[in-house]
Amino acid sequence: MNKILKGLTISAVAMGMTACSADYLNEPPIDSITDEQLGESLEGMKAAMNGVAQTMYILYNPNATERNGNGEGYFQTYYGDSPSPDYANMWLWGTQAQYQPWTFMTRDTDSGGSYAWMYAYTLINQANIILQKIDGVAAEQSEKDNIKAQALTIRAHAYVRLMQVYGPRFEDRKNGDELTVVLRLTPGTDPMPLSDYKTVVGQIYKDLDDAIALFESSGITRVKGEGWLPNIDVARGIYSRIALINHDWAKAQKMAHDGRQNYPIMSADDYVAGFADPNDEWMWFNNRDRSNNGYYSWGASFSCNGGYSTNYNWAGSGGQMSWRLYKQVYDKYPDADVRCDLYWMPDKVNWFADYGFTEADFWDNTIVAPAYLNMWLVDPYMTAAISMWTASMTPEGYSGAFNIWLGFNPNMSDALIQKHFADLKQEGFQDRVQFGAQLKFWSSKPDLGDSNHAFMRASELLLNEAEAALEQGDETTARECLKELNSNRISGYTCTATGDALKEELRLYRRMELWGEGDTWFSFKRWNITATRDAWKAGDPTSGNFKDAYKGSWDPSYGNGWRYQIPRAEKDYNPYINSQLNQ
C-alpha cells in the first residue's frame with residue numbers, strides 16, 4: 001500500500017504521527033493510513049495533525065551523540081540556551097559540549113549544526129502533506145479550516161526556527177536579498193535553491209495571516225488541556241517572534257498583545273512550582289504522556305531532578321545560570337525577586353548564616369572543584385546548606401533534586417554535621433551541584449525525567465510587546481508591561497527608567513524570566529550585541545562562574561553574523577545551494 005509518510009524520517013514514522021485525543025484516539029497511527037484514507041477521512045486528518053504536533057517532542061535518533069534529539073525541547077536548549085552568555089550545563093559532554101563554546105556554528109559537517117535543519121524540515125514536510133490533502137476531505141468547512149490553520153502555523157513556526165539558526169540578522173539582510181534557507185511549500189525533498197530573506201519572511205507572514213483568518217472562520221477553539229496543538233494565539237505569538245526579527249515593531253506589538261490576552265501571567269507561587277505541569281499561562285507545550293522518551297527526554301538531562309542530573313556523579317544539575325546575569329538582577333531588589341530563590345548563588349549564605357560560610361567561599365578552590373564548579377561534598381557546611389536550600393525549594397509533590405536531601409536539618413550540632421558529612425563521603429557520594437545550579441525545572445517523572453515543557457508562555461509575548469513598543473518610542477507601554485510581569489515576581493517592584501536604561505532593564509528581565517526556555521541566544525542575535533562569558537577564577541569574586549572551556553566573547557561579526565552553516569549533507573545533495581553560495 002502507498003504510505004503517506006514515505007520519505008520522512010524513520011523516527012516520525014515510528015513515533016510521531018499517532019492520534020492522541022477526542023474521538024480519534026483509537027484511530028490507527030498515520031503511518032498505517034493510506035493516501036486514500038487520509039484524503040477521505042476527517043478522523044484521519046485529525047490523527048495526522050496530532051502526529052505533526054507530536055513530531056515536536058519525539059525521539060529522533062537514540063544513537064546520536066546529541067543524546068536528547070527529541071524535538072522542540074532539544075532545539076530550545078541546544079540552540080536557544082547553550083551558546084548564550086547566561087547558561088552553562090556540565091552535563092553536556094563530548095560533542096554535546098561544543099554547543100557551548102560555539103564550535104558547531106562554524107562547521108558544516110557536525111550533527112550539532114545539522115539537527116535544526118533536519119528537525120525543521122521534518123515539520124515542514126509533514127505540514128505540507130496535511131495542506132496538500134485537507135481540501136479533498138469530505139467534512140465541514142469549519143473542520144477543514146481549523147486543521148489547515150494548525151498546519152500553516154506549524155510550517156511558519158519551523159521556518160522561524162530556521163531563520164533563527166541559519167538566517168541573518170535584520171542588519172545583515174542586504175535589503176532582503178540575502179540568501180537564507182530552502183522554501184518548500186509542497187511535500188517532497190527534491191533539490192531546490194535557497195530563497196532570499198524577503199521571500200522567506202514574506203511566506204511566514206502569509207502563512208500566519210492565513211492561519212489566523214482560518215482559525216477565525218472555523219469558529220473552533222482548542223480543547224482545554226490539548227496545548228500541544230497550535231491555536232490562533234500560538235499563531236499570533238509566532239508572528240510576534242518573526243516580526244521582532246524583521247524589526248516590524250507595530251506588527252510585533254499587536255500580535256504579542258493580542259496573543260497573550262487569554263493567558264494570565266503566572267503568580268510567584270506558580271513560578272516556583274516546578275515548571276513541569278502546564279498552568280494557565282502556558283500557551284503551547286508538549287504532551288508528556290505521549291512522548292515516551294524515557295532517559296532520552298528533555299527532563300532527564302535538564303530538570304534538576306531528572307535521571308541524569310541525579311544518577312551520575314560527574315553529571316551536571318540540569319543547567320547553571322550565569323553569575324553575571326544573576327547579580328545584576330539580585331542587586332536591584334535583594335531578597336525580593338522570587339526568581340532568585342531558584343539558583344544556588346552567593347547570596348544563599350544569608351539563608352544559612354549560622355553555618356559559617358561566606359560569599360567568598362564561592363571562589364575558594366578548597367570548596368569549589370574547578371573542573372566542574374562543583375560545591376557539594378567538598379565542605380560539610382556547604383553540603384548541609386545546599387541540602388536544606390534544595391529541601392526548602394522543592395515544590396509540593398516533587399522529590400529527588402540532585403539526590404542531596406540527605407537528612408540535614410537546621411538543628412544539627414556541629415559534631416553531627418561533621419559526622420553526617422563523613423558518612424556520606426564514605427558511602428561514595430560525589431561532587432554534583434554547581435555554582436549557579438537551578439531549581440526552576442523539575443521532572444514529574446523523576447525516575448526517568450519526562451515532564452511537560454513550555455514552547456511558548458504569555459510572559460514571552462508580554463516581553464515581545466514591551467520590546468516592540470519601546471522600539472517605537474512608546475516607553476509608557478514598555479514600563480507597564482514590565483510592571484505587569486515583575487509585580488508577579490518582585491515584592492515592591494517599580495519602573496521609572498527611560499531611554500537606554502529602560503531598554504537595558506527590559507532586556508535584563510527578559511533574560512531572567514525566560515532563562516532556560518530557549519530564548520536568550522536568539523534575543524542576543526536579534527539585539528545585534530556581543531555575548532560574553534567570564535570564567536571562574538579562584539580567589540576573585542569579580543570573576544564569573546563559567547569553566548575555562550566555556551568562556552569567550554562573540555561580537556556580531558562572528559560566524560557570518562551568528563549563522564550556523566547549512567549542513568554539508570544538504571549542500572552535497574542539493575547542487576543549487578553550492579552554486580548559489582559560490583557565485
N/O donor-acceptor pair under 3.5 Å between Asp177 side chain and Arg173 backbone: no
Would you say the rings of Phe522 and Tyr79 are close, in the sense that their centroids are separated by under 6.0 Å? no
Verify the distance criterion only: is there a donor paired with an acceptor across the side chains of Asn305 and Ser443 at less than 3.5 Å? no
Donor-acceptor under 3.5 Å (Trp389 side chain, Trp344 main chain): no
Under 3.5 Å side-chain donor-acceptor pair for Asp248 and Tyr205: yes
Look up atom CD in Glu226 and atom CG in Asn231, then write down how far apart they are to the nearest 0.5 Å. 11.0 Å
Assign the ring pair Phe170 / His247 to parallel, tilted or perpendicular, where the plane angle (0 to 90°) is split at 30° and 60°. parallel
Using a distance-only test with no angle check, is there a side-chain donor-acceptor pair under 3.5 angstrom linking Ser523 and Arg510? yes
Nearest 0.5 Å please: distance from the CD atom of Gln438 over to the CZ atom of Arg339. 15.5 Å
Between Asn128 and Arg184 (side chain of the first, backbone of the second, donor and acceptor by atom type, cut-off under 3.5 Å), is there such a pair? yes
Do we see a donor-acceptor contact under 3.5 Å between the side chains of Asp269 and Ser267? no
Donor on one side chain, acceptor on other, Ser553 and Thr532, under 3.5 Å: yes
Could you check whether any side-chain N or O of Arg526 sits under 3.5 Å from a backbone N or O of Arg169, counting only pairs where one atom can act as donor and the other as acceptor? no
Please check if the side chain of Asn350 supplies one atom and the backbone of Asp347 the other of a donor-acceptor pair under 3.5 Å. yes
Any Arg107 side-chain heavy atom under 4.5 Å of Gln98 side chain: yes
Donor-acceptor under 3.5 Å (Asn560 side chain, Arg563 main chain): no
Is the number of heavy atoms from other residues, nucleotides or ligands under 6.0 Å of Lys327 NZ greater than 12? no
Would you tell me whether Gln76 and Glu517 have side-chain atoms, one donor and one acceptor, within less than 3.5 Å of each other? no
Parallel, tilted or perpendicular, judged at 30° and 60°: which one describes the rings of Phe435 and Trp323? tilted
Please tell me if the side chains of Cys340 and Met345 come closer than 4.5 Å, counting only heavy atoms from C-beta onward. no
Are Trp298 and Ser451 close enough that a side-chain donor and a side-chain acceptor fall under 3.5 Å? no
Check whether Asp280 reaches the backbone of Tyr263 with its side chain - one donor and one acceptor, N or O, closer than 3.5 Å. no
I'd like to know if the side chain of Trp284 reaches the main chain of Trp228, judged simply by a donor and an acceptor atom lying under 3.5 Å from each other, with no hydrogens or angles considered. yes
Can Gln126 and Thr55 be counted as having a side-chain donor-acceptor contact under 3.5 angstrom? yes
Taking the six-membered ring for Trp, is the centroid-to-centroid distance between Tyr493 and Tyr333 below 6.0 Å? yes
The single option from Glu465, Met456, Glu281 passing side chain to side chain contact (heavy atoms under 4.5 Å, CB included) against Arg260: Glu465
A side-chain contact here means heavy atoms from C-beta on lying under 4.5 Å apart; do Leu325 and Trp515 qualify? yes
Are side-chain heavy atoms of Lys551 and Trp536 found at a separation under 4.5 Å? no
Side-chain H-bond candidate by donor/acceptor type, Thr106 with Gln565, under 3.5 Å: no
Which word best sums up how the rings of Tyr74 and Tyr115 line up, parallel for under 30°, tilted for 30 to 60°, or perpendicular for over 60°? tilted
Are side-chain N/O atoms of Gln54 and Asn50 paired as donor and acceptor at under 3.5 Å? no
Ring geometry between Tyr166 and Trp117 (parallel below 30°, tilted from 30 to 60°, perpendicular above 60°): perpendicular
What I want to check is whether the side chains of Asn89 and Tyr87 have a donor and an acceptor closer together than 3.5 Å. yes
Parallel, tilted or perpendicular, as decided by the 30° and 60° cut-offs, for the rings of Tyr159 and Tyr121: perpendicular
Side-chain contact, heavy-atom cut-off 4.5 Å: Phe524 with Arg511? yes
Does the side chain of Asn545 pick up a donor-acceptor pair with the side chain of Tyr326 at under 3.5 Å? no
Test item: Ile232 and Glu216 side chains (from C-beta on) under 4.5 Å apart, heavy atoms: yes
Hey, is Asp337 close enough to Arg489 for a salt bridge, meaning N to O under 4.0 Å? no
Main-chain N/O of Leu462 paired with Glu484 side-chain donor or acceptor, under 3.5 Å: no
Drop me the distance from Thr199's OG1 to Lys206's NZ, to the nearest 0.5 angstrom. 13.5 Å
Residue pairs, two or more places apart or on separate chains, that pass ring-ring contact (aromatic ring centres under 6.0 Å, His included) and touch residues 463-491: none
Side chains of Asp335 and Tyr330, donor plus acceptor under 3.5 Å: yes
Any donor-acceptor N or O pair under 3.5 Å, side chains Asn464, Arg241: no
Spacing of OH belonging to Tyr343 relative to NZ belonging to Lys348, to within rounding of 0.5 Å: 10.0 Å
Between Phe285 and Tyr57, does the ring centroid distance fall short of 6.0 Å? no
Measuring from atom CD of Glu72 to atom NE2 of His157, what distance do you get when rounded to the nearest 0.5 angstrom? 3.5 Å
Below 4.5 Å, heavy atoms only, C-beta onward: do Arg457 and Leu514 meet side chain to side chain? yes
So Tyr119 and Phe75, would you call those rings parallel, tilted or perpendicular, with 30° and 60° as cut-offs? tilted
Quick one: does His453's side chain get under 4.5 Å of Phe275's, heavy atoms only? no
Would you please classify the geometry between the Trp442 ring and the Tyr398 ring as parallel, tilted or perpendicular, with 30° and 60° separating the classes? tilted
Whether Glu475 side chain and Leu502 backbone form a donor-acceptor pair below 3.5 Å: no
To the closest 0.5 Å, what do you measure between CE (Met56) and OG1 (Thr122)? 12.5 Å
Could you go through the salt bridge (charged side-chain N to carboxylate O under 4.0 Å, His left out) check for Lys503 and Glu471 one step at a time? CA-CA 9 Å; Lys503 179 178 287 189; Glu471 290 291 346; 3.6 Å; yes
Donor-acceptor side-chain pairing of Tyr550 and Gln100 below 3.5 angstrom: yes
